[in-house]
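Below, each value reflects all heavy atoms present in this structure, side chains not excepted, and no hydrogens, waters or symmetry copies. Labels below follow one simple rule: chain letters A, B, ... track the order of the sequence lines, proteins then strands, and each chain is numbered from 1.
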Amino acid sequence: MRFNRLDLNLLVVLDALLTERNITRAGEKIFLSQSATSGALGRLREFFSDELLVQVGRKMVLTPLGESLVRPVRATLIQIQTTIDMRPEFDPAVAERKFTLVMSDYTSTVLMPDVIRAASRDAPGISFEILTPSDDPLEQLERGEADFVLLPDHFIAQGHPSCHVFTEDFVCVCWEGNPMVGETLSARQYLDMGHVMVRFGSQLNPSLDESLTKKSGIERKAEVVSTTYAAIPHYVIGTNRIATLQRRLAYLWAHYMPLRILPLPVHLPKAGWSLQWHQYRDMDPATQWMRRLIVGVAGARPSLERRFDETA
DNA sequence: TGTAGCATCTCGTCTCAGAT
DNA sequence: ATCTGAGACGAGATGCTACA
């Protein structure tokens, strides 16, 4: 069967080839042999009257036409996937579905446990996969690798719908036994002391608090850089170092670990976190349900936040 | 020289259109 | 409804090229 002379199965091969830029790996990705993938590339080359990928040494490089097809082909496949997945109604009580979300371990620690608890109560057939952000989280959304990204507003890109989820401010944490810090911290101490900081991805992109402090002209001494929030308390405890953290995360850890929470001696604006999804999934009832669940849980003053109030 | 990766050849299987 | 042949496609084997 052909659609305008093209076997639509070839679009799947083309997407794998444009992504992997390697015939063997593209074939493995879509469960075809290297020879079958090479043959499919031959048919694609004939259809498009273009080489699409050319061999340069041991590498395959996209031609300009190949380059121009990357996004539209991916978008087409996502639209097909959404059409196949879409049901006119979504009944959480009986639905079987996996949601993939991209977020830092901060949001997966302070927000997702409540979301997952609520989901398992109302929708026992729903499962979750939480991925850490790559260097370009939007790419993960556009490639269909994620149903949602949950990021600071600062990092939400144009082109896909999004909604506000919660707002958070920052505090400073130090080890309870830190002899250099009392009940408060001066701006001078904050600038002079060594900091434990988080950076993300292979490029070590700065976290939100680092972006905000830099924007305010504040330069901190980064003595330890971690790629996860989870490691921060362990790098602070037993040392004279401090860290700047989101309030909810700081109070959560202070509940279990010997940490002291201090007001931030420098001004950092509150930051908003937003949920973003692919425009093609905007009308999908399952996606709409998950959006409502996350926003609802975040807005309902989750159990964790009540505990912070009591602790504070 | 060994390895990685793409192209091509051969053969088997499947699909589909046309004949009966 | 069934049979048959042509064409398309995939898998395995193999050749060729680039590179360390």
Side-chain angles (χ1 to χ4, degrees), chain A residues 1-88 95-102 125 127 129-147 149 157 159-160 199-205 225-228 278-281 283-284 286-287:
Chain A
M1 189 175 65
R2 294 287 187 277
F3 181 79
N4 284 349
R5 295 189 301 114
L6 178 68
D7 173 2
L8 293 184
N9 283 321
L10 289 177
L11 281 186
V12 179
V13 186
L14 180 57
D15 177 60
L17 284 165
L18 296 177
T19 307
E20 298 296 326
R21 301 172 190 210
N22 176 302
I23 290 179
T24 307
R25 282 203 303 276
E28 283 168 359
K29 189 177 176 184
I30 55 174
F31 306 105
L32 276 186
S33 67
Q34 178 270 320
S35 62
T37 313
S38 175
L41 175 58
R43 295 194 291 283
L44 283 161
R45 283 169 168 164
E46 193 180 340
F47 179 83
F48 284 103
S49 303
D50 187 274
E51 283 295 293
L52 300 173
L53 291 105
V54 288
Q55 205 163 358
V56 178
R58 279 190 183 182
K59 283 187 170 177
M60 295 295 271
V61 175
L62 299 188
T63 63
L65 179 63
E67 205 69 66
S68 73
L69 287 169
V70 173
R71 279 177 183 266
V73 168
R74 180 89 293 249
T76 301
L77 291 181
I78 289 177
Q79 197 162 12
I80 291 170
Q81 184 65 50
T82 308
T83 306
I84 293 168
D85 288 345
M86 185 116 60
R87 297 289 178 272
E96 299 270 334
R97 171 142 180 192
K98 183 178 82 176
F99 285 96
T100 303
L101 299 98
V102 170
S127 59
E129 197 168 77
I130 314 290
L131 305 179
T132 50
S134 67
D135 289 330
D136 186 359
L138 186 67
E139 186 74 16
Q140 289 170 282
L141 199 67
E142 295 207 325
R143 294 206 50 72
E145 291 166 5
D147 296 303
V149 295
H160 294 286
R199 289 178 187 154
F200 301 106
S202 59
Q203 310 287 318
L204 291 180
N205 299 313
V225 172
S226 163
T227 54
T228 65
H278 200 290
Q279 54 177 327
Y280 291 146
R281 298 194 202 273
M283 301 307 288
D284 172 25
T287 306

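- DNA chain C is contacted by both Leu10(A) and Gln34(A); Leu10(A) maps to the nucleotide lying nearer its 5′ end (nearest heavy atom per residue).
- The pair Lys29(A)-Glu20(A) meets the salt-bridge criterion, since a charged nitrogen lies less than 4.0 angstrom from a carboxylate oxygen.
- One interatomic measurement links the two molecules: CG of Leu32(A) to C1' of dT13(B), which rounds to 15 Å at whole-angstrom precision.
- Atom CG of Leu41(A) is separated from atom P of dG10(C) by 13 Å (rounded to the nearest Å).
- One atom, CG of Leu53(A), and another, P of dG5(B), lie 14 Å apart when rounded to the nearest Å.
- Put simply, CG on Asn22(A) is 14 Å from C1' on dA7(B), counting in whole angstrom units.
- Remark: Arg45(A) fails to qualify as a cation-pi partner of Phe47(A) under the 6.0 Å distance and 45° angle criteria applied to the six-membered ring.
- Salt-bridge formation is detected for the pair Arg21(A)/Glu67(A): a Lys NZ or Arg NE/NH1/NH2 atom is positioned less than 4.0 Å from an Asp or Glu carboxylate oxygen.
- Closest approach of Gln279(A) and His160(A) over heavy atoms only: N-ND1, 3.1 Å.
- Side-chain atoms of Arg43(A) lie closest to dC9(C) of the nucleotides dG5(B), dA7(B), dC9(C).
- Rounded to whole angstrom, the span from the CE atom of Met60(A) across to the P atom of dA18(C) amounts to 14 Å.
- Following rounding to the nearest Å, Glu51(A) (CD) and dC6(B) (P) show an atom-to-atom distance of 14 Å.
- Applying the 4.0 Å criterion to OP1 and OP2 of dA7(B), one finds that Arg45(A) has a side-chain N or O inside that range.
- Ser38(A) comes within contact range of at least one nucleobase, with a heavy-atom separation under 4.0 Å.
- The interatomic distance linking Arg21(A) (CZ) with dG5(B) (P) rounds to 16 Å, in whole Å.
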